[in-house]
J.: 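Once you've had a glance at the structure underneath, I'll fire off some questions.
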Amino acid sequence: MALFGKKDAPAAALPEKLPTHVGFIMDGNGRWAKKRGLPRSLGHVEGGKTFKKIMQYCKDIGIPYASFYVFSTENWKRPQNEIDGILAIMREYLDEVQMHLGDGVRAIFLGDKSAYPDDIRERMIKLEKDTAHHTRLTVMLACNYGGRDEIAHAAREIGALIQEGKLDPASITEQTIADHLYTAGLPDVDLVIRPSGELRLSNYLIWQCAYAEYYFTDVLWPDFGPEELDKALIDYAGRGRRFGGV
Ligand code: IPE
Ligand code: IPE
Ligand code: MG
């Protein structure tokens, strides 16, 4: 299976003002499957296809940073067979992406990799290393990711620096915290897109979304296509972002 399929040409004229970082909360796979009387795992398979399509489209239209919520720290509560199905899809995708390293895509994993089996963790680390020099599209994959967990992790790192006498607590700024998040050096989220009708963040990039714009749609993630992304981008372009100013 090829990672990058036939190119989807941009449908409508896209606005000039595109977000730098679009965050996708890939939700609705289970309901997509249930509606068709299929097992939830097949919903995740379809969701994976949408991920590839949307990643390719982001690259084609010149979005420089795209993040995808793959698996949350809370998703371990799901039945083991569903978790195993998701791990199997991850293995397949990690192999595929490895075959397409020349494609200008840099991959970065957000989250605690230590929860994953050795083979998956090693492939994640190798992929990050092999794609580190790519600049066209940076894809952030939030795997075993939780926003609160990320902030607690940053606090532990900062605490250790204080204990070692390398950091004065009085000198801690917002930037200090940002520098210890999984997204250190990467831009904040400009636009969050959540399909499936849920109107919440579910612990996704809670620090980085402080001033993000939100776009919600009832479309389920496996049905989400470039035309849906176009709608979100057009909506985003019409928003007035003030960041507390006037
Ligand atoms: C999102 O789809 C994928 C993951 C959370 C791994 P869901 O599996 O949450 O789909 P719904 O919300 O049950 O429809
Ligand atoms: C958020 O979706 C996590 C991912 C999309 C990976 P969930 O389906 O887990 O979120 P809740 O439980 O509806 O808040
Ligand atoms: Mg869900």
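Here, residue 1 is the first one in the sequence, and each next residue gets the next number. Order of listing sets the numbers, starting from 1, for every ligand and every atom in it. Computed from a predicted structure; not experimentally measured.
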J.: Is the shortest distance from a Lys or Arg side-chain nitrogen in Asp119 or Arg123 to a carboxylate oxygen in the other one below 4.0 Å?
T.: yes
J.: Should you measure from each heavy atom of Phe71, which atoms of ligand 2 turn up under 4.0 Å away?
T.: 6 (C)
J.: On the ring face of Tyr182, is Lys113 found with NZ or CZ under 6.0 Å from the centre and within 45° of the axis?
T.: no
J.: Between Tyr204 and ligand 2, find which residue part has any heavy-atom pair under 4.0 Å and reply side chain, backbone, both or neither.
T.: neither
J.: Checking the N or O distance criterion of under 3.5 Å, is ligand 2 in contact with Arg200?
T.: yes
J.: Under 3.5 Å between any N/O of Trp32 and any N/O of ligand 1: does that happen in this structure?
T.: no
J.: At what distance is the nearest protein heavy atom to atom 14 (O) of ligand 2, and which residue and atom is it?
T.: Ser202 OG, 2.6 Å
J.: Under 4.0 Å from atom 12 (O) of ligand 2, do we find at least one protein heavy atom?
T.: no
J.: For Glu198 and ligand 1, answer yes if some heavy atom of the residue is under 4.0 Å from a ligand atom, otherwise no.
T.: no
J.: Do Tyr236 and Lys17 come close enough that some side-chain heavy atom pair is under 4.5 Å?
T.: yes
J.: Which protein non-hydrogen atom lies closest to atom 2 (O) of ligand 2, naming both residue and atom, and how far is it?
T.: Arg194 NH2, 3.6 Å
J.: Classify the side-chain pair Tyr57/Asp230 by whether it contains a donor and acceptor separated by less than 3.5 Å.
T.: yes
J.: Where the closest heavy atom to atom 9 (O) of ligand 1 is concerned, which of Met26, Glu82, Arg40, Arg78 has it?
T.: Arg78
J.: What heavy-atom pair brings Asn203 and Gly146 nearest, and what distance separates the two atoms?
T.: ND2-CA, 3.5 Å
J.: So, 4.0 Å and heavy atoms of His44: is ligand 2 close enough to count as a contact?
T.: no
J.: Could you list the atoms of ligand 1 found under 4.0 angstrom from a heavy atom of Gly30?
T.: 7 (P), 8 (O), 10 (O), 11 (P), 13 (O), 14 (O)
J.: Which atoms from ligand 1 have a heavy atom of Ile86 less than 4.0 Å away?
T.: 6 (C)
J.: Is it true that a side-chain atom of Arg148 and a backbone atom of Ile206 form a donor plus acceptor pair closer than 3.5 Å?
T.: no
J.: If you measure from each heavy atom of Lys34 to ligand 1, is any distance below 4.0 Å?
T.: no
J.: Using every non-hydrogen atom in the two residues, find where Asn144 and Ala115 come nearest and quote the distance to one decimal.
T.: ND2-CB, 3.2 Å
J.: Taking 2.8 Å as the cut-off, does an N/O/S atom of Asp27 lie below it from the Mg ion (ligand 3)?
T.: yes
J.: Between Tyr116 and Arg121, what is the shortest heavy-atom contact and its length?
T.: O-NH1, 2.7 Å
J.: Around atom 6 (C) of ligand 1, find the nearest protein heavy atom and jot down its residue, atom name and distance.
T.: Val70 O, 3.5 Å
J.: Using every non-hydrogen atom in the two residues, find where Pro39 and Ala33 come nearest and quote the distance to one decimal.
T.: O-CB, 3.3 Å
J.: Report yes if some N/O of Asn75 lies less than 3.5 Å from some N/O of ligand 1; otherwise report no.
T.: no
J.: Would you mind listing which atoms of ligand 1 come within a distance below 4.0 Å of any non-hydrogen atom of Arg31?
T.: 11 (P), 12 (O), 14 (O)
J.: Could you report the tightest heavy-atom contact between Ala66 and Cys58, atom names first, then the distance?
T.: CB-SG, 4.2 Å
J.: Is Gly28 in contact with ligand 1, taking contact as a heavy-atom separation below 4.0 Å?
T.: yes
J.: Answer yes or no: is there a donor N or O on one side and an acceptor on the other, between the side chain of Thr131 and the main chain of Arg106, under 3.5 Å?
T.: no
